Amino acid sequence: MDGGGQNNPRTVEEVFRDFKGRRAGMIKALTTDVEEFYQQCDPEKENLCLYGLPSEKWEINLPAEEVPPELPEPALGINFARDGMQERDWLSLVAVHSDAWLLSVAFYFGARFGFDKADRKNLFTMINDLPTIFEVVTGTVKKQTKEKTSVPNHSSSKSKSGSKGRGSDSGKYAKTIQAKDEDEVVDGEEEEEHGDTLCGACGENYASDEFWICCDMCEKWFHGKCVKITPARAEHIKQYKCPSCSNKRVRT
């Protein structure tokens with residue numbers, strides 16, 4: 001597969017970039033490109049695997065024929081379970097196996113290029129600073145973030161008028177840093193917490209100067225611009241459904 005045929009030594013930073021590229025591609029397959037991914041995983045086909053490529057793209061393909069393969073192989077036959085379980089559960093299961101594959105590829109490179117104990121520890125630390133694919137797909141990171149940053153009920157409902165997002169009963173629009181407009185409670189901590197949060201549409205990281213909104217169905221966060229929701233429009237939405245949840249149909 002792509003990215004495994006180089007003989008020159010690679011650094012920790014290069015392996016990490018490879019990891020991030022493959023991870024970004026797999027996240028796209030399981031979030032923004034989920035309909036295309038779902039269709040390609042036809043149970044009538046042979047053992048199919050989800051591959052993340054260093055170029056931040058993904059592909060569905062058969063496993064390599066050579067033994068041993070040039071790179072570790074992802075979970076085989078992900079397509080066979082597609083119609084045998086709920087789509088959300090199936091995507092979560094693929095996400096878990098994708099996380100395991102990414103780690104195996106990264107540490108395969110580490111062994112191949114002679115990383116010592118310190119290099120391996122450094123590589124794992126860099127990887128561990130990112131949320132897992134499973135956390136992104138299931139919205140676990142967003143749930144934890146909302147719990148940590150929830151605003152007490154006794155706070156003013158009319159405050160935060162200067163911020164891009166506005167606090168509400170559901171906390172949907174609390175994504176932007178609001179404490180800066182009030183008591184400066186957060187000294188950069190919230191920015192650091194949100195730094196790992198990814199937009200469910202474009203996969204890009206959180207930024208404090210952008211408006212974000214949370215889907216009440218899947219609980220994923222989105223840039224307002226990615227789902228065409230403005231702060232003014234969000235004020236009048238009682239229950240927000242992202243495009244994926246709005247278009248989701250019952251699989252039979």
Side-chain angles (χ1 to χ4, degrees), residues 1-34 36-82 84-85 87-138 140-141 196 198 203:
M1 294 302 298
D2 187 10
Q6 299 181 25
N7 294 319
N8 58 304
R10 297 177 64 169
T11 66
V12 170
E13 289 73 20
E14 287 175 331
V15 173
F16 182 58
R17 280 198 297 271
D18 181 275
F19 176 92
K20 287 202 300 182
R22 296 177 190 276
R23 173 181 172 275
M26 297 177 107
I27 287 176
K28 287 178 183 177
L30 297 171
T31 55
T32 55
D33 298 344
V34 68
E36 182 183 352
F37 170 68
Y38 187 92
Q39 294 302 324
Q40 288 192 31
C41 288
D42 186 346
E44 298 300 320
K45 297 179 180 178
E46 299 180 64
N47 269 334
L48 294 179
C49 302
L50 170 60
Y51 292 92
L53 306 180
S55 58
E56 300 189 3
K57 296 181 180 179
W58 60 274
E59 69 176 18
I60 299 297
N61 214 330
L62 296 172
E65 294 183 1
E66 69 267 21
V67 179
E70 189 174 2
L71 285 180
E73 288 293 330
L76 303 179
I78 59 172
N79 52 315
F80 295 150
R82 193 196 73 174
M85 57 197 304
E87 180 182 343
R88 190 170 184 175
D89 294 335
W90 175 68
L91 291 172
S92 298
L93 187 60
V94 175
V96 168
H97 284 288
S98 298
D99 282 316
W101 178 69
L102 285 176
L103 280 175
S104 68
V105 170
F107 279 81
Y108 165 84
F109 283 138
R112 179 175 175 180
F113 301 125
F115 288 4
D116 59 18
K117 180 179 179 180
D119 286 337
R120 293 193 302 272
K121 182 178 181 180
N122 188 22
L123 175 60
F124 180 76
T125 299
M126 294 168 72
I127 290 173
N128 204 37
D129 283 338
L130 297 173
T132 64
I133 296 177
F134 176 80
E135 289 174 327
V136 174
V137 170
T138 60
T140 304
V141 175
D196 289 339
L198 303 177

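Just so it is clear, the structure is predicted and the values come from calculations on it, not from any experiment.
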Neighbour count >12 (heavy atoms, 6.0 Å) for atom CD, E13: yes
Return the minimal non-hydrogen interatomic distance between [X] and [Y], and the atom names on each side.
X    : Y    : value
Y51  : P63  : OH-CA, 3.2 Å
E73  : P69  : OE2-CB, 3.8 Å
T138 : T140 : OG1-OG1, 2.7 Å
L123 : A106 : CD2-O, 3.8 Å
P131 : E135 : CA-OE1, 3.2 Å

Drop me the distance from [X]'s [atom1] to [Y]'s [atom2], to the nearest 0.5 angstrom.
X    : Y    : atom1 : atom2 : answer
L50  : I133 : CG    : CD1   : 7.5 Å
D129 : F16  : CG    : CZ    : 7.5 Å
L53  : M26  : CG    : CE    : 9.0 Å

I'd like to know if the side chain of [X] and the backbone of [Y] have a donor-acceptor N/O pair within less than 3.5 Å.
X    : Y    : answer
Y38  : L91  : no
W101 : P72  : yes
R120 : F115 : yes
D99  : F134 : yes

Partner of R22 by side-chain contact (heavy atoms from CB on, under 4.5 Å), out of S98, P54, S55: P54
Sequence neighbours left out, what passes side chain to side chain contact (heavy atoms under 4.5 Å, CB included) with [X]? Give chain and number order.
X    : value
N128 : F124
A24  : E56
K45  : D42, L48, N79
A81  : M85, W90

With a 4.5 Å heavy-atom cut-off, do [X] and [Y] have their side chains touching?
X    : Y   : result
F107 : V15 : no
L76  : C49 : yes
V136 : R23 : yes
F37  : V94 : yes

By side-chain hydrogen bond (donor to acceptor under 3.5 Å, both in side chains) - contacts of D33 (at least two apart): W58
Partners meeting side-chain hydrogen bond (donor to acceptor under 3.5 Å, both in side chains) with E36 (sequence neighbours left out): Q40
